Amino acid sequence: MTGIKLFVIDREINSLEVACEFERNGWGLISMLDKNEYKNLSDWDAKIIGELEDGSKIYSGPWKDRTDDVRHFVIVEKEDRLLPYWGTPTAKELLDPVQWPKVYSRHFLSMALQVYPQW
Amino acid sequence: MVGNSEPIDNSSIIFMNGRKVSADQKVKIWGFLQEDPECPTRCLIEHLKIIEVTIEINVRQVNRYREEWGFSIKPGRPRKGALVENDGHNQETILYKSHIASIGVKIFDEWLEQQKMFSNVIKLMREEIENYKGNQTSGNFPLLQHREQTLIWRFKALLYAPLFGIGKLTEFDIKEHGLETVIKRNYQSSTLNQFFGQLEKVNIAQAVMPALIPQKSGYICYIDGHMIAFWTSASMHKGKITMLGRIMPGSNAVISHNEAGEALFVEYFPPDIQTPQDNIKVLQ
């Protein structure tokens with residue numbers, strides 16, 4: 001009805017099944033990876049693709065040793081922590097991975113604007 | 001300014017510095033009690049802590065002062081009504097109860113009228129009815145002859161039903177609701193049922209949809225989940241019980257909106273539903 005093909009779920013879900021289901025329907029899905037699913041940046045075969053405005057580096061790539069996972073990952077390296085986003089292959093086609101962190105955080109801004117329009 | 005050892009004489013009461021409470025603080029307590037002699041001690045301490053952050057005083061101590069200064073009140077928990085009335089320090093708070101039923105829906109209705117939402121919906125509805133009339137040679141039913149105002153009233157009755165807590169149209173006959181406050185008339189469920197059926201017959205849903213959903217649905221859909229506690233006296237083994245009768249998670253609300261924050265879809269699911277699978281059905 002709306003023609004929207006790209007979805008963002010704003011919680012750390014780690015369901016490969018959900019990702020596959022979205023992919024089967026031809027939809028893109030972006031979400032965040034659960035903290036228990038990774039240890040550090042070396043878990044991914046990641047390369048630097050850009051930088052955020054605050055200087056945090058953005059990496060992108062698949063898992064290093066999990067070949068059965070269709071998801072693509074974008075990892076933001078903050079000073080003290082990692083922010084790993086995942087997306088389906090369709091999400092990667094629809095939106096440049098370097099934009100994922102911005103699009104994901106825009107959600108919070110749009111919600112805040114609903115509550116505090118004066119912002 | 002109050003010295004450390006200088007007593008304060010307030011008419012007949014002399015305030016002395018104590019081990020924990022200074023004379024200055026005692027004056028403030030006395031002032032509170034002067035303003036509202038019936039104020040419960042616990043409330044008094046709360047107010048006192050707002051202006052005197054460092055004060056360490058307990059209920060027993062204040063009660064001793066109350067007795068000493070002649071401000072004792074009857075022991076026991078004050079009645080709920082008395083608490084609101086006696087809360088003299090929150091004088092800006094006004095407890096107002098409207099005599100108009102469902103005033104929230106009435107205000108919402110006024111707002112929708114300002115947005116010209118109904119005129120847009122009815123315009124599309126009438127166009128569709130006219131198309132139907134032109135295409136169909138047989139069949140004549142009341143919807144085809146309704147005046148614009150009748151369409152608005154009945155559409156509003158259907159639209160606001162959930163806001164009155166009405167889940168099924170038959171509840172219009174048995175439940176108390178504020179429809180009359182909003183549209184200045186009432187409807188029997190049979191009338192609305194008939195209207196609803198005739199709208200379906202004309203296949204009005206597709207026609208009015210452009211007026212009901214945002215003009216620009218956007219490029220991205222954000223999906224949020226919200227869990228609401230479920231209260232029951234029945235025994236259940238689902239979820240985490242944090243309080244007697246309260247089970248968490250209860251119903252799962254799924255809210256989706258576009259990048260501008262405009263709602264695209266809202267649905268509530270029962271606690272035992274497989275939400276991810278249902279999300280996919282909903283998105284389809």
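Just so we're clear, the structure is a prediction, and the values are computed from it rather than from any experiment. Throughout, a chain's letter reflects where its sequence line sits, starting with A, and its residues are numbered from 1.
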Next on the checklist: Looking at B/Lys116, I want to see if its NZ is surrounded by more than 12 non-hydrogen atoms of other residues, nucleotides or ligands under 6.0 Å.
Outcome noted: no
Next on the checklist: In the structure I gave you, are the side-chain heavy atoms of A/Val103 and B/Tyr222 within less than 4.5 Å of one another anywhere?
Outcome noted: yes
Next on the checklist: Testing the basics here: between A/Phe7 and B/Ile223, what is the closest heavy-atom pair and its distance to 0.1 Å?
Outcome noted: CD2-CD1, 3.9 Å
Item to check | Flag if over 12 foreign heavy atoms under 6.0 Å of OH, A/Tyr38 | outcome: yes
Item to check | Heavy atoms from other residues, nucleotides or ligands near CD of A/Glu79 exceed 12 (cutoff 6.0 Å) | outcome: no
Item to check | Shortest non-hydrogen contact between A/Leu94 and B/Tyr219, atoms and distance | outcome: O-OH, 2.7 Å
Checklist entry - In terms of heavy-atom contacts, does NZ of A/Lys64 have more than 12 from other residues, nucleotides or ligands at under 6.0 Å? => result yes
Checklist outcome for this item: Shortest non-hydrogen pair, B/Ile220 vs A/Val8, comes out as CG2-CG2, 3.7 Å
